[in-house]
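Quick note: residue numbers are just sequence positions, from 1.
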Amino acid sequence: MLKQHLQFKLSQKLSPQQIQLMKLIQLPTQAFEQRLKQELEENPALETGKEELETASDEYDDIYEDDSDNETINTEDINIDDYLSDDEIPDYRTKANNYSSDDEEKSVPYAAGISFNQYLINQLNTFYLSDDEWTIAEFLVGSVDESGYIRRPIADIMDDLAFTQNVYTDEQTIEKILAIVQDLDPPGVGARSLEECLIIQLERKELTPSVELAIAILKKSFEHFTKKHYQKLIQKHNISEAELKEAIGEIEKLNPKPGGSYSGNNRIVEHVVPDFAIRIVEGELELTLNGRNAPELHVSREYSNMLKGYKEAKDKSKSQKDTVMFIKQKLDAAKWFIDAIRQRQQTLFITMNSIMHYQSEYFLTGDERNLRPMILKDIADEIGMDVSTVSRVANSKYVDTPYGTKLIKEYFSESMKNEQGEDVSTKEIKKILETVIQNEVKKKPLTDDKLAAILKAKGYPIARRTVAKYREQLNIPVARMRKEI
């Protein structure tokens, strides 16, 4: 039996131009400058500066409309995923057109210096070592991770030396060379465990009674120390509470990650360029978009004249037609890019302006307790844009405020209701939780149950498991680990 039925299917396809505009909106200031430079290099019909912008555009429009011989270019369906993949971006910087001539633009994109590994190797040169000893020492240094530790067993290192370096040795010899590596700077480097790392650092210090006690505690009672079983430490080492406090004070001064303290390692240091700035002027909030996002561009007068010359020519050869098609494509691309940048500027400013006014109480005071609950949809509805557009701005842009430079998405948070039935930001609750923990008596830190009771008394009825979740998100350990003497 033949059945007939109607089926409606709603589908949406984005044009390549729409996809490119989305990508432009998502780019932060520095990446946008790179994209701009790339476009200027690839499209000779696009130029920087204000020169005859409107005139050139108008003439191009006339020529484009009058030339009826123009062939149309049809585009096929576009695979959106291909367009949303990251482009290869050349390494460069451009001049910021919004600065005045006496402004000095400074760029410090990377941290200078030699690698951490090379820093250690250079120190090895001060020791007298045989060829085999040098090979072992160099291999050990190569095994140091970015935190400063050697986490591989000596037996495995011995096997690797035999197989890869053709050096046949024993564990005792490797231990002897390891002691040399552990004598390098920064103190604690080359340790195989946190316990060993801390002991190495203490042994470099002047051996006062508190330092000697600290070493003894780490060597004989490391587990009690990590679990903060202070009474057991007092009993086992036959010491007073004051002596224990001094010894723990010595340990707390140490660096658990000696490799992380070396600034010349291989890791790139990112220097954030704020995309927006918020200032308080006479009690009012003032928003500015970083001028490097507003370049002065215009369509090339030379390319417009080429098109004009073709229009006025009486004989039009095939090669001339091919040339004019190329020129039109480049002029089209230039006009679209200029318009896309204007749309990008408008989208960025409107979105951030809405966020600023939504969170005006916070931006005027700097008090995180004044942050209102805010989700992407709140801003999207207010400015009449898609949630994905707001997300592209919030997830990749920074704003410079009187209280520091922050990623915009940090101002977004979910809400919950207090005892009065009012919506409050989860950020507000976390801030109060953090304050309560900071002010607790460290000898008897508050458990999650007690924290939940305190928050409930303040008008925030949340469960113990929610307190635990917020505490973990704030990187605050459990009560036992916060205990001090």
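By the neighbour-count criterion of 12 heavy atoms within 6.0 Å, atom NZ of Lys228 is densely surrounded, having more than that number from other residues, nucleotides or ligands. More than 12 heavy-atom neighbours from other residues, nucleotides or ligands sit within 6.0 angstrom of CD on Gln438. More than 12 heavy atoms of other residues, nucleotides or ligands sit less than 6.0 Å from atom CD of Gln343. Annotation for Glu410: atom CD counts as buried by contact number, over 12 foreign heavy atoms lying within 6.0 Å.
When all heavy atoms are compared, the tightest approach of Ala340 to Leu24 is CB-CD1, 3.8 Å. In terms of heavy atoms, Ala334 sits closest to Ala45 at CB-O, 3.7 Å. Contact detail for Lys397 and Leu407: the closest heavy-atom pair is O-CD1, 3.3 Å. Closest approach of Ala452 to Ile462, counting heavy atoms only: CB-O, 3.9 Å. The two residues Pro186 and Tyr119 make their nearest non-hydrogen contact at CD-CE2, 4.2 Å. Between Ala214 and Ile251, the closest heavy-atom pair is CB-CG1, 3.8 Å.
Using a 4.0 Å cut-off between a side-chain N of Lys or Arg and a carboxylate O of Asp or Glu, Asp367 and Lys431 do not qualify as a salt bridge. Taking 4.0 Å as the cut-off between side-chain N and carboxylate O, Glu250 and Lys205 count as a salt-bridged pair. Under 4.0 Å is where a charged nitrogen must lie from a carboxylate oxygen, and between Arg204 and Asp185 at least one such pair does. Salt-bridge check for Glu434 with Lys430: failed, with every basic side-chain N at 4.0 Å or more from each acidic carboxylate O.
Here the straight-line distance linking atom CD1 of Ile476 with atom CG of Leu433 works out to 5.5 Å at 0.5 Å rounding. Atom OG in Ser300 sits 12.5 Å away from atom NZ in Lys330 (nearest 0.5 Å). One finds the CG atom of Asn353 at 12.0 Å from the CD atom of Gln346 (value rounded to the nearest 0.5 Å). The distance from the CE atom of Met385 to the OG1 atom of Thr351 is 5.0 Å, given to the nearest 0.5 Å. Separating the CG atom in Leu40 from the CG atom in Leu46 is a distance of 5.0 Å, to the nearest 0.5 Å. Here the CD1-CZ distance, from Ile341 to Phe32, works out to 4.0 Å after rounding to the nearest 0.5 Å.
Remark: the backbone N or O of Val387 is not paired with any side-chain donor or acceptor of Ser391 at under 3.5 angstrom. Looking only at distances, no side-chain donor or acceptor of Asn290 sits under 3.5 Å from a matching main-chain atom of Asn293. Between the side chain of Arg344 and the main chain of Leu27, a donor-acceptor pair closer than 3.5 Å is present. Put simply, the side chain of Asp378 gets close to the backbone of Ile375: a donor and an acceptor are under 3.5 Å apart. Checking side-chain atoms of Gln359 against main-chain N and O of Ile355 turns up no donor-acceptor pair under 3.5 Å. In this structure a side-chain-to-backbone donor-acceptor pair under 3.5 Å is present from Asp275 to Tyr398. Distance alone, capped at 3.5 Å, is enough to place a donor-acceptor pair between the Glu440 side chain and the Leu446 backbone.
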- Query: Ile121 and Glu138: side chain to side chain contact (heavy atoms under 4.5 Å, CB included), yes or no, with the steps?
  - Reply: CA-CA 7 Å; Ile121 291 290; Glu138 192 174 30; 3.6 Å; yes

- Item | Chi angles and distances behind the ring-ring contact (aromatic ring centres under 6.0 Å, His included) call for Phe363, Tyr411 | CA-CA 10 Å; Phe363 285 116; Tyr411 299 121; 5.1 Å; yes

- Yes or no on side chain to side chain contact (heavy atoms under 4.5 Å, CB included) for Ile280 and Glu286, after CA distance, side-chain angles and deciding distance? CA-CA 6 Å; Ile280 301 173; Glu286 183 180 274; over 6 Å; no

- Message: Please evaluate residues Ile383 and Val390 with respect to the criterion side chain to side chain contact (heavy atoms under 4.5 Å, CB included), reporting the C-alpha separation (whole Å), side-chain torsions for both, the decisive distance (0.1 Å), and the verdict.
- Response: CA-CA 9 Å; Ile383 62 178; Val390 178; 4.1 Å; yes

- Task: In sequence, state the C-alpha distance, the side-chain angles, and the governing distance for Met352 and Leu289, and then conclude on side chain to side chain contact (heavy atoms under 4.5 Å, CB included).
- Result: CA-CA 9 Å; Met352 188 63 223; Leu289 174 65; over 6 Å; no

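Counting heavy atoms from C-beta on, the side chains of Val399 and Pro274 never come closer than 4.5 Å.
Every pair tested for ring pair (Phe, Tyr, Trp, His ring centres under 6.0 Å) that includes a residue from residues 325-349 fails, sequence neighbours excluded, so the list is empty.
In this structure, Arg372 forms no cation-pi arrangement with Tyr362, as its terminal cationic atom is not both closer than 6.0 Å to the ring centre and no more than 45° off the ring axis.
With sequence neighbours left out, Asp381 forms a salt bridge (Lys or Arg N to Asp or Glu O under 4.0 Å) with Lys377. In this structure, the side chain to side chain contact (heavy atoms under 4.5 Å, CB included) partners of Gln26, at least two apart in sequence or on a different chain, are Arg392, Ser396.
Side-chain contact annotation: Ser388 with Asp386, donor-acceptor N/O pair under 3.5 Å present.
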